[in-house]
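Residue numbering restarts at 1 for every chain, and letters A, B, ... go by the order of the sequence lines.
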Number of protein chains: 2
Amino acid sequence: MSVSSFDPRATPTGAYRPGRIRDENLNTIMSAAAAEFVQHGYRGASIQRIADRAGLPKANVHYYFPRKTHLYQSVLKEIVALWNSELDELQVDDDPAQALARFIRSKVRLSFLHPTASKLFALEIISGAPNLQAYLSGELREWVAARAGVVQAWIDAGRMRPVDPLQLIVSIWATTQHYADFDEQVLKLMGKRRYDAAAMEQIADFLTDLILTGCGLEPPVS
Amino acid sequence: MSVSSFDPRATPTGAYRPGRIRDENLNTIMSAAAAEFVQHGYRGASIQRIADRAGLPKANVHYYFPRKTHLYQSVLKEIVALWNSELDELQVDDDPAQALARFIRSKVRLSFLHPTASKLFALEIISGAPNLQAYLSGELREWVAARAGVVQAWIDAGRMRPVDPLQLIVSIWATTQHYADFDEQVLKLMGKRRYDAAAMEQIADFLTDLILTGCGLEPPVS
DNA sequence: TAAAAATCTGGCCGTTTGGTCGAGATTTGG
DNA sequence: CCAAATCTCGACCAAACGGCCAGATTTTTA
């Protein structure tokens with residue numbers, strides 16, 4: 001939820017520069033909004049409470065985001081961009097075990113690092129995805145189809161057990177996402193307060209082991 | 001979302017009997033409420049819209065559920081009861097492959113049969129589970145611990161590959177739940193409008209195959 | 001330093017919210 | 001068939017809602 005660390009307007013002195021205030025407030029408000037949207041949903045979120053979370057008067061929020069919809073869609077857009085940019089690729093030339101292990105690990109890390117983003121995305125889809133229809137049938141569909149194609153190529157080349165490639169991607173998505181979205185539930189089951197580095201390793205190891213073995217692959221020693 | 005089919009007050013003639021109107025309205029309202037809560041969350045749900053969905057005046061909803069919280073908690077309670085009653089068991093004496101396959105299948109069927117219930121449960125947990133804290137650290141925790149114990153016994157007896165039993169249960173929960181909760185997303189990826197019987201079979205087969213193989217078990221031919 | 005642009009914010013508006021009330025209609029057991 | 005219990009529902013209320021505006025303040029440009 002932070003602006004790119006490279007900003008052409010940055011000055012060594014940190015002095016005022018155009019847009020600095022704007023960028024800061026935009027980030028503050030969007031972070032506050034994401035938390036509020038996750039807790040109460042789009043309709044249940046209150047601009048007054050978002051303003052309180054951000055430490056700003058309500059009218060100031062409306063100065064940057066005249067309508068609630070704009071704010072919500074901005075937050076959602078940022079999440080989609082984050083997911084698109086940070087997720088590992090799968091290449092036909094890669095070793096299936098290595099590539100899948102790396103893919104699972106990057107998805108686990110992403111989920112653990114941005115739980116609020118993950119939850120808001122989940123919320124939107126569970127509620128019928130009124131703002132993501134185009135994304136789901138467009139970008140995401142092609143993204144998944146491409147990865148499924150790679151898996152299919154591996155299978156055709158006899159480099160892994162034949163499993164439905166689409167369902168495999170969906171299952172990786174489902175399990176990794178689950179730990180972020182349902183952290184309240186999973187942490188209670190694990191008897192922990194919050195995830196630590198060890199727990200994250202344990203979970204990444206488990207998922208890699210289960211899924212790779214399920215694909216008839218030897219999990220690489222990490 | 002329907003009342004127990006066995007009702008001691010039932011009469012062969014179907015004539016009026018005490019509580020008949022009440023039972024009917026209770027069910028109508030709770031179904032309408034579940035749909036509204038899934039679409040807009042607790043805070044975003046409007047009693048007026050719930051009344052509209054149920055085809056009743058708003059004041060009539062308040063007659064049965066004086067406060068919004070009561071209505072929400074009633075719906076949640078019903079879902080938890082449904083989950084508790086319909087899920088298959090795991091017994092130490094069972095054959096691991098058979099038992100796990102049956103467990104996965106029953107969870108898939110439950111998710112596909114009650115998507116709204118599944119979604120509302122997910123929503124509550126993602127939003128911080130303010131109404132399920134006791135359930136998560138109590139009943140559910142013991143339920144999961146018992147099943148994990150059975151899996152551990154199987155492992156100790158050398159009847160399956162050693163995997164973290166808790167994470168295994170969580171992963172089964174995650175994948176099966178995902179198909180119900182994220183149906184909007186999964187259906188778009190599969191290029192379908194809605195799940196049919198064939199799709200449900202395909203998904204249950206895939207999950208059984210992936211997870212059982214991942215546990216070093218031979219998936220039973222179904 | 002003066003003008004211009006950007007930012008800030010208290011107060012206001014019409015609408016929707018959860019919830020109340022009480023009078024009237026319906027259903028029930030006796 | 002009647003009195004009691006149950007159910008129906010339009011009208012109403014205070015609070016919270018999203019959004020608007022105009023004047024005050026700060027920051028940037030020239």
Side-chain angles (χ1 to χ4, degrees), chain A residues 3 7-11 13-30 32-34 36-37 39-76 130-131, chain B residues 3 7-30 32-37 39-76 130-131:
Chain A
V3 109
D7 187 330
R9 288 164 307 191
T11 62
T13 66
Y16 286 126
R17 62 208 142 87
R20 202 206 56 154
I21 296 178
R22 188 172 192 85
D23 285 351
E24 264 176 23
N25 283 340
L26 245 38
N27 280 332
T28 309
I29 293 171
M30 284 171 75
E36 171 78 6
F37 284 135
Q39 205 170 351
H40 299 299
Y42 171 70
R43 214 149 197 159
S46 132
I47 294 183
Q48 180 65 66
R49 273 194 304 266
I50 293 174
D52 290 347
R53 283 181 200 254
L56 296 171
K58 188 180 72 158
N60 207 350
V61 173
H62 268 115
Y63 171 71
Y64 289 102
F65 297 95
R67 337 230 131 236
K68 199 185 183 183
T69 316
H70 297 356
L71 175 51
Y72 183 72
Q73 278 161 353
S74 296
V75 174
L76 217 53
N131 293 281
Chain B
V3 108
D7 186 331
R9 288 165 305 193
T11 62
T13 66
Y16 282 131
R17 60 213 144 87
R20 203 207 55 154
I21 295 178
R22 186 172 193 86
D23 286 350
E24 263 176 24
N25 283 340
L26 245 38
N27 280 330
T28 309
I29 293 171
M30 284 172 75
E36 171 77 6
F37 283 135
Q39 204 170 355
H40 300 299
Y42 171 71
R43 213 151 198 156
S46 136
I47 294 184
Q48 181 62 67
R49 273 194 303 266
I50 293 175
D52 291 346
R53 283 181 200 254
L56 296 170
K58 189 180 71 157
N60 206 350
V61 173
H62 268 115
Y63 171 73
Y64 290 102
F65 298 95
R67 336 234 132 230
K68 198 185 183 182
T69 317
H70 298 354
L71 175 51
Y72 183 72
Q73 278 161 353
S74 296
V75 174
L76 217 53
N131 295 282

Trainee: Heavy atoms from C-beta onward define the side chain here; which of D:dC17, C:dC8, D:dC7 lies closest to that of A:Gln48?
Mentor: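 So the side chain of A:Gln48 is nearest to D:dC17.
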Trainee: If you only use heavy atoms from C-beta on, which nucleotide in C:dT9, D:dT8, C:dG19 is closest to the side chain of A:Asn60?
Mentor: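 So the nucleotide nearest the side chain must be C:dT9.
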Trainee: Rounding to an integer number of Å, can you tell me how far B:Ile29 CD1 sits from D:dC9 P?
Mentor: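 Going from CD1 in B:Ile29 over to P in D:dC9 covers 11 Å.
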Trainee: Nearest nucleotide by nearest heavy atom, which residue falls closer to the 5' end of DNA chain D, B:Arg22 or A:Lys58?
Mentor: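 Its nucleotide being nearer the 5' end, the pick is B:Arg22.
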Trainee: From A:Asn25 CG over to A:Arg20 CZ, what is the distance, rounded to the nearest 0.5 angstrom?
Mentor: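 That separation rounds to 9.5 Å.
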Trainee: Taking OP1 and OP2 of C:dC8, is either one under 4.0 Å from a side-chain nitrogen or oxygen of A:Tyr63?
Mentor: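 The answer is no; no side-chain N or O of A:Tyr63 sits under 4.0 Å from OP1 or OP2.
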Trainee: Expressed in angstrom and rounded to an integer, what is the separation of A:Tyr72 atom OH from D:dG18 atom P?
Mentor: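 Distance check: A:Tyr72 OH to D:dG18 P gives 15 Å.
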Trainee: Can you tell me how far the CZ atom of A:Phe37 sits from the CG atom of A:Leu71, to the nearest 0.5 Å?
Mentor: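 Separation between the atoms: 4.5 Å.
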Trainee: Counting just side-chain N and O atoms, does B:Arg49 come under 4.0 Å of either OP1 or OP2 of C:dT17?
Mentor: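 Yes, B:Arg49 has a side-chain N/O under 4.0 Å of OP1/OP2 on C:dT17.
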Trainee: Considering only D:dG18, C:dG10, C:dT7, which nucleotide approaches the side chain of A:Ala59 most closely?
Mentor: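 Side chain of A:Ala59 sits closest to C:dG10.
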Trainee: Provide, to the nearest angstrom, the distance between the CG atom belonging to B:Leu56 and the C1' atom belonging to D:dG10.
Mentor: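 Whole-Å distance recorded here is 15 Å.
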Trainee: Please determine if a side-chain N or O atom of B:Arg43 lies less than 4.0 Å away from the OP1 or OP2 oxygen of C:dT16.
Mentor: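 B:Arg43 to C:dT16 OP1/OP2: no side-chain N or O under 4.0 Å.
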Trainee: To the nearest 0.5 Å, what is the distance between NZ (A:Lys58) and CG (A:Asp52)?
Mentor: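 So the gap between those two atoms works out to 10.5 Å.
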Trainee: CG/B:Leu26 to CD1/B:Ile21 distance, rounded to the nearest 0.5 angstrom?
Mentor: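 The CG atom of B:Leu26 sits 12.5 Å away from the CD1 atom of B:Ile21.
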Trainee: Without decimals, in angstroms, what is the distance between B:His62 NE2 and D:dC12 P?
Mentor: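 That distance rounds to 18 Å.
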Trainee: Expressed in angstrom and rounded to an integer, what is the separation of B:Glu24 atom CD from D:dC7 atom C1'?
Mentor: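 B:Glu24 atom CD is separated from D:dC7 atom C1' by 13 Å.
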Trainee: Once you build an axis from the first five pairs and another from the last five of the helix from C:dT1-D:dA30 to C:dG30-D:dC1, how far apart in angle are they, to 10 degrees?
Mentor: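 End-to-end axis angle: 30°.
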Trainee: Between D:dT6 and B:Asn25, is there an OP1 or OP2 to side-chain N/O distance shorter than 4.0 Å?
Mentor: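 No.
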Trainee: Please report the distance, rounded to the nearest Å, between CZ in A:Phe65 and C1' in D:dC17.
Mentor: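 It works out to 19 Å between those atoms.
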Trainee: Provide, to the nearest angstrom, the distance between the CD1 atom belonging to A:Ile21 and the P atom belonging to D:dT25.
Mentor: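 Taking CD1 of A:Ile21 and P of D:dT25, I get 16 Å after rounding.
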Trainee: Phosphate oxygens OP1/OP2 of D:dC20: is one of them under 4.0 Å from a side-chain N or O of A:Arg67?
Mentor: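 The answer is yes; a side-chain N or O of A:Arg67 sits under 4.0 Å from OP1 or OP2.
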Trainee: Indicate yes or no for a side-chain donor-acceptor contact from A:Glu36 to the backbone of A:Ser46 under 3.5 Å, with no hydrogens or angles considered.
Mentor: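 Confirmed, A:Glu36 side chain pairs with A:Ser46 backbone.
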Trainee: Please tell me if the side chains of B:Arg49 and B:His40 come closer than 4.5 Å, counting only heavy atoms from C-beta onward.
Mentor: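 In contact.
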Trainee: Under 4.0 Å, heavy atoms only, any strand: does B:Ala45 hit a base, just the sugar-phosphate, or nothing?
Mentor: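 The answer is sugar-phosphate, as B:Ala45 gets under 4.0 Å only of primed atoms, P, OP1 or OP2.
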Trainee: So how far is it from A:Met30 CE to A:Leu76 CG, rounded to the nearest 0.5 Å?
Mentor: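 Between A:Met30 CE and A:Leu76 CG, I get 10.0 Å after rounding to 0.5 Å.
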Trainee: Could you tell me the separation between the CG atom of B:Asp23 and the P atom of C:dT28, rounded to a whole number of Å?
Mentor: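 Value for this atom pair: 12 Å.
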Trainee: Answer with yes or no whether B:Lys68 presents, from its side chain, a donor or acceptor under 3.5 Å of a partner atom in the base of C:dG19.
Mentor: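 By the distance-only test, no, there is no pair.
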Trainee: Heavy atoms from C-beta onward define the side chain here; which of C:dC8, D:dC17, C:dT20 lies closest to that of A:Ser46?
Mentor: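 The answer is D:dC17.
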Trainee: Rounded to the nearest 0.5 Å, what separation is found between the NE2 atom of A:His62 and the CG atom of A:Leu56?
Mentor: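 Those atoms lie 13.0 Å apart.
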